[in-house]
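Beneath this line is the structure, given in C-alpha coordinates, with notes to follow.
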Amino acid sequence: MSALEELAQVLGVVEQHLLDAGAHLGTTRTSLDEAEKALVTLDPEHPETVVPPSLHRADDQVERAQDMVEQVLGTLRDFVTRL
(Lines give C-alpha, C1' and ligand atoms only; values in the text may rest on other atoms or scores of the structure.)
Protein backbone atom coordinates (compact mmCIF):
# COMPACT_ATOMS: atom_id res chain seq x y z
CA MET A 1 0.00 0.00 0.00
CA SER A 2 1.42 3.36 -0.97
CA ALA A 3 1.64 6.31 1.37
CA LEU A 4 -1.07 8.05 -0.64
CA GLU A 5 -3.41 5.08 -0.24
CA GLU A 6 -2.70 5.00 3.49
CA LEU A 7 -3.45 8.70 3.75
CA ALA A 8 -6.72 8.28 1.85
CA GLN A 9 -7.66 5.41 4.16
CA VAL A 10 -6.93 7.43 7.31
CA LEU A 11 -8.85 10.39 5.92
CA GLY A 12 -11.79 8.04 5.34
CA VAL A 13 -11.70 7.16 9.05
CA VAL A 14 -11.58 10.87 9.92
CA GLU A 15 -14.56 11.48 7.66
CA GLN A 16 -16.53 8.75 9.42
CA HIS A 17 -15.71 10.26 12.81
CA LEU A 18 -16.91 13.66 11.59
CA LEU A 19 -20.12 12.10 10.28
CA ASP A 20 -20.64 10.40 13.65
CA ALA A 21 -20.02 13.69 15.45
CA GLY A 22 -22.56 15.40 13.20
CA ALA A 23 -25.12 12.72 14.00
CA HIS A 24 -24.49 13.11 17.74
CA LEU A 25 -24.89 16.86 17.44
CA GLY A 26 -28.20 16.34 15.66
CA THR A 27 -29.36 14.06 18.46
CA THR A 28 -28.25 16.67 20.98
CA ARG A 29 -30.30 19.40 19.31
CA THR A 30 -33.34 17.11 19.29
CA SER A 31 -32.86 16.38 22.99
CA LEU A 32 -32.51 20.08 23.81
CA ASP A 33 -35.75 20.79 21.93
CA GLU A 34 -37.53 18.00 23.78
CA ALA A 35 -36.22 19.29 27.11
CA GLU A 36 -37.49 22.79 26.32
CA LYS A 37 -40.94 21.45 25.40
CA ALA A 38 -41.07 19.44 28.62
CA LEU A 39 -40.08 22.47 30.69
CA VAL A 40 -42.69 24.67 28.99
CA THR A 41 -45.42 22.23 30.03
CA LEU A 42 -44.57 23.02 33.67
CA ASP A 43 -45.83 26.58 33.25
CA PRO A 44 -47.21 27.15 29.74
CA GLU A 45 -48.35 30.69 30.54
CA HIS A 46 -44.89 31.78 31.71
CA PRO A 47 -42.33 29.58 29.94
CA GLU A 48 -39.58 32.14 30.55
CA THR A 49 -39.71 31.21 34.24
CA VAL A 50 -38.99 27.52 33.67
CA VAL A 51 -36.78 27.48 30.56
CA PRO A 52 -33.26 28.57 31.47
CA PRO A 53 -31.66 31.01 29.03
CA SER A 54 -28.62 28.75 28.89
CA LEU A 55 -30.76 26.15 27.10
CA HIS A 56 -31.06 28.44 24.09
CA ARG A 57 -27.36 29.28 24.22
CA ALA A 58 -26.54 25.58 24.28
CA ASP A 59 -28.67 25.05 21.18
CA ASP A 60 -26.88 27.92 19.44
CA GLN A 61 -23.50 26.44 20.33
CA VAL A 62 -24.51 23.00 19.08
CA GLU A 63 -25.75 24.57 15.83
CA ARG A 64 -22.40 26.35 15.38
CA ALA A 65 -20.59 23.08 16.03
CA GLN A 66 -22.74 21.38 13.37
CA ASP A 67 -21.84 24.11 10.91
CA MET A 68 -18.14 23.69 11.69
CA VAL A 69 -18.33 19.92 11.23
CA GLU A 70 -20.01 20.43 7.85
CA GLN A 71 -17.33 22.92 6.79
CA VAL A 72 -14.54 20.56 7.83
CA LEU A 73 -16.23 17.67 6.01
CA GLY A 74 -16.43 19.77 2.87
CA THR A 75 -12.78 20.74 3.13
CA LEU A 76 -11.75 17.15 3.81
CA ARG A 77 -13.70 15.85 0.84
CA ASP A 78 -12.21 18.51 -1.43
CA PHE A 79 -8.74 17.55 -0.23
CA VAL A 80 -9.32 13.83 -0.81
CA THR A 81 -10.66 14.56 -4.28
CA ARG A 82 -7.51 16.47 -5.12
CA LEU A 83 -5.30 13.62 -3.94
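Computation of the quantities below employed the complete heavy-atom set of this structure, encompassing side-chain atoms and omitting hydrogens, waters and symmetry-equivalent molecules. The first residue in the sequence is number 1, and the count goes up from there.
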Determine whether more than 12 heavy atoms belonging to other residues, nucleotides or ligands lie under 6.0 Å from atom CD of Glu5.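 Result for CD/Glu5: enclosed.
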Judged by atom type as modelled, is there a donor-acceptor pair below 3.5 Å linking the side chain of Ser54 to the main-chain atoms of Arg57?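 Side chain of Ser54 to backbone of Arg57, a donor-acceptor pair under 3.5 Å: no, none is there.
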Between Val62 and Leu19, is there shared hydrophobic-cluster membership here, with clusters defined by ILVMFWY side-chain heavy atoms closer than 4.5 Å?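 In one cluster: yes.
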Indicate, with yes or no, if Val80 and Leu73 share a hydrophobic cluster defined by side-chain heavy-atom contacts under 4.5 Å among Ile, Leu, Val, Met, Phe, Trp and Tyr.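 Yes; Val80 is reachable from Leu73 via cluster members.
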Test item: [X] and [Y] side chains (from C-beta on) under 4.5 Å apart, heavy atoms:
X     : Y     : value
Thr28 : Leu32 : yes
Glu48 : His46 : yes
Pro52 : Leu39 : yes
Glu15 : Val13 : no

Say you draw a straight line from [atom1] of [X] to [atom2] of [Y]; how long is it, rounded to the nearest 0.5 Å?
X     : Y     : atom1 : atom2 : value
Arg29 : Gln66 : CZ    : CD    : 5.0 Å
Asp78 : Leu83 : CG    : CG    : 11.0 Å
Gln16 : Leu11 : CD    : CG    : 13.5 Å
His56 : Asp59 : NE2   : CG    : 8.5 Å

Working note: Leu7 + Gln9, criterion side-chain contact (heavy atoms from CB on, under 4.5 Å); need CA distance, chi angles, decisive distance, verdict. CA-CA 5 Å; Leu7 177 60; Gln9 185 178 14; over 6 Å; no
For side-chain hydrogen bond (donor to acceptor under 3.5 Å, both in side chains), just list the numbers for Gln71 and Asp67, CA-CA rounded to whole Å, side-chain angles, deciding distance to a tenth of an Å, and then say yes or no. CA-CA 6 Å; Gln71 288 175 0; Asp67 291 343; over 6 Å; no
Residues Asp33 and Lys37 bridged, charged N to O under 4.0 Å: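 Salt bridge between Asp33 and Lys37, a charged N being under 4.0 Å from a carboxylate O: yes.
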Using every non-hydrogen atom in the two residues, find where Leu18 and Val69 come nearest and quote the distance to one decimal.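 For Leu18 versus Val69, the nearest heavy atoms are O-CG1, 3.5 Å.
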